[in-house]
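Take this structure, written in structure tokens, and hold onto it; I'll ask about it next.
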Amino acid sequence: MKVASWNINSLKVRLQQVLDWLESRSPDVLALQEIKQVTEDFPADAFREAGYEALASGQRSYNGVATVSRAPLLDPVTDIEGFPDPQRRILATTSHGVRIINVYVPNGQSLGSDKYEYKLQWLAAAREYVAAELQRHERLLVLGDFNIAPDDRDVYDPVAYGEDIHTSGPEREGLRALMALGLTDVFRSFPQPEKSFSWWDYRRGRFRRNAGLRIDLILASEALAKACTGCRIDREPRGWERPSDHAPVIAEFDL
DNA sequence: ATGGTGGTCCAACCA
């Protein structure tokens, strides 16, 4: 099973890029974040014609997640129980015998802001939801845009960047607490090129200078982490005309 | 310290 995650920063703008990418990489599952469209506008037909089932949880202008799969998408859940939230940031489905929890963790804006507090609360609530899901599903993935660089290897210049949004102690602790449920960041299960990143700000030539962060992650339960045979970041689409600011992450599992 | 770019959708917000 080949699984991918990609923050697409508007599916309206980049639907053709996603379809081209599906055709060339041929994943079994693709988790999309920041589709930035309401669920009713989600182009399920275009995915069906490409041979994929698709489900979305969208909203106007901001956020929105969708999951695309070769196999049916079962038991969809679009909210964290006990954490009422109008922002569409999570979509859990079951496909290929795997519980797939697609997340768009809040950005958090700046340390100490209201959005930062919301980010930490969202993470804590997501952790409780994932804990419950792990009781029900041995094979489970949490993948998406976490808006957190797990450690200094995931930051282009950790000294210059310092303790800021995406790298702060409380954010990293929130991610660590989620992973402590028994989830593995499978990218780090394999040797990787130095300075591997998944997001580069559009401003100041950050992609050209490879001044990025690795904030898009695929976390696997123990049973799946053991079955993982590889994980890589596909930088190519970031270099395309009118790209998303994120690159896709791909993991393969021998099930 | 500021502003640089890009998306949504037309003023301002979000990243």
Side-chain angles (χ1 to χ4, degrees), chain A residues 5-21 30-43 46 56-66 68 85-91 102-123 126 143-150 154-168 170-172 174-175 197-217 233-249:
Chain A
S5 176
W6 194 5
N7 178 320
I8 200 61
N9 186 22
S10 170
L11 187 57
K12 258 174 226 170
V13 169
R14 274 174 277 279
L15 175 61
Q16 194 54 52
Q17 288 190 23
V18 174
L19 294 172
D20 291 347
W21 189 85
L30 172 61
L32 294 166
Q33 301 86 37
E34 282 205 272
I35 65 169
K36 294 188 172 178
Q37 63 189 167
V38 295
T39 306
E40 301 75 61
D41 290 345
F42 179 73
S57 178
Q59 77 178 74
R60 177 186 153 91
S61 301
Y62 304 116
N63 311 314
V65 288
V68 175
D85 186 2
Q87 301 191 29
R88 303 291 80 198
R89 296 183 174 278
I90 189 163
L91 175 59
N102 176 4
V103 297
Y104 176 46
V105 176
N107 174 287
Q109 193 182 51
S110 57
L111 304 193
S113 66
D114 289 350
K115 293 194 179 82
Y116 183 72
E117 289 309 313
Y118 164 64
K119 179 180 198 170
L120 297 178
Q121 285 169 15
W122 194 97
L123 262 177
L143 78 172
D145 178 358
F146 285 74
N147 271 311
I148 300 169
D154 304 310
V155 180
Y156 62 96
D157 184 343
V159 173
Y161 193 95
E163 168 116 356
D164 205 342
I165 201 68
H166 309 303
T167 63
S168 72
E171 291 169 87
R172 284 176 166 171
L175 176 61
F197 307 123
S198 67
W199 171 78
W200 302 261
D201 198 301
Y202 286 120
R203 295 166 283 191
R204 298 176 53 168
R206 289 281 176 85
F207 182 62
R208 183 176 46 76
R209 294 160 38 214
N210 194 32
L213 302 176
R214 189 176 70 93
I215 57 177
D216 298 272
L217 311 177
I233 295 167
D234 183 3
R235 291 169 51 98
E236 187 190 313
R238 185 61 178 81
W240 289 349
E241 197 75 24
R242 210 178 179 192
S244 166
D245 46 352
H246 294 251
V249 186

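Labels below follow one simple rule: chain letters A, B, ... track the order of the sequence lines, proteins then strands, and each chain is numbered from 1. Remember, it's a predicted structure, so these values are computed and weren't measured experimentally.
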Does any N or O in the side chain of A:Arg206 come within less than 3.5 Å of the main-chain N or O of A:Trp199, such that one atom is a donor and the other an acceptor?
no

Look at the side chain of A:Thr39 and the backbone N and O of A:Gly58, then say whether any donor-acceptor pair between them is shorter than 3.5 Å.
yes

Could you tell me how far B:dT2 sits from B:dG6 if I compare only their P atoms? Round to whole Å.
23 Å

Looking for any heavy atom pair under 4.0 Å, which part of the strands does A:Phe207 touch: base, sugar-phosphate only, or nothing?
nothing

Taking atom types as modelled and ignoring hydrogens, do the side chains of A:Gln17 and A:Trp21 form a donor-acceptor contact shorter than 3.5 angstrom?
no

Say we look at B:dA11 and B:dA1: how far apart would their P atoms be, to the nearest angstrom?
33 Å

Round to the nearest Å and state the distance from A:Lys36 atom NZ to B:dC13 atom C1'.
10 Å

All N/O donor-acceptor pairs, side-chain side in residues 158-165 of chain A, below 3.5 Å, sequence neighbours left out:
| residue | atom | partner | partner atom | Å |
| --- | --- | --- | --- | --- |
| A:Tyr161 | OH | A:Ile165 | O | 2.5 |
| A:Glu163 | OE2 | A:Gly169 | N | 3.1 |

How far does CG of A:Asn107 sit from NE2 of A:His166, to the nearest 0.5 angstrom?
4.5 Å

Taking salt bridge (charged side-chain N to carboxylate O under 4.0 Å, His left out) as the definition, give me every residue that meets it alongside A:Arg88, ordered by chain and number, with sequence neighbours left out.
A:Asp79

Nearest-angstrom distance from the residue atom CD of A:Gln37 to C1' of B:dC9
15 Å

Give a yes/no answer on whether the side chain of A:Arg242 brings an N or O atom under 4.0 Å of OP1 or OP2 in B:dG7.
yes

For atom P, what is the distance between B:dA15 and B:dC9, given to the nearest Å?
15 Å

Could you pick out which residue, A:Arg203 or A:Asn147, lies toward the 5' side of DNA chain B when each is mapped onto its nearest nucleotide?
A:Arg203

Within residues 9-20 of chain A, residues whose heavy atoms come under 4.0 Å of DNA chain B
A:Asn9, A:Ser10, A:Lys12, A:Val13, A:Arg14

Rounded to whole Å, CZ of A:Arg60 lies from C1' of B:dA12 at a distance of 13 Å

Between B:dG7 (C1') and A:Glu241 (CD): distance, integer Å:
16 Å

Residue whose nearest DNA chain B nucleotide is more 5′ - A:Glu34 or A:Tyr202:
A:Tyr202

When rounded to whole Å, the CG to P distance for the pair A:Asn7 and B:dA15 reads 11 Å

Nearest whole angstrom, please: distance from the P of B:dG7 to the CD1 of A:Ile8.
11 Å

Runs of at least three Watson-Crick or G-U pairs with DNA chain B, cut-off 3.5 Å:
B:5-8 with B:12-15

Tell me: CZ of A:Arg208 to P of B:dT5, nearest whole Å?
12 Å

Just jot down the ring pair (Phe, Tyr, Trp, His ring centres under 6.0 Å) partners of A:Phe207, sequence neighbours excluded, or say none.
A:Trp200

For side-chain contact (heavy atoms from CB on, under 4.5 Å), just list the numbers for A:Arg89 and A:Val105, CA-CA rounded to whole Å, side-chain angles, deciding distance to a tenth of an Å, and then say yes or no.
CA-CA 7 Å; A:Arg89 296 183 174 278; A:Val105 176; over 6 Å; no

Can you check the A:Tyr104 OH to B:dC14 P distance for me, whole Å?
11 Å

If you look at every strand shown and take non-hydrogen atoms under 4.0 Å, does A:Arg206 touch a base, only sugar-phosphate, or nothing?
nothing

Among A:Asn9, A:Asn7, A:Asn102, exactly one meets side chain to side chain donor-acceptor pair (under 3.5 Å) together with A:Gln33. Which residue is that?
A:Asn102

Sequence neighbours excluded, which residues qualify as salt bridge (charged side-chain N to carboxylate O under 4.0 Å, His left out) partners of A:Arg60?
none

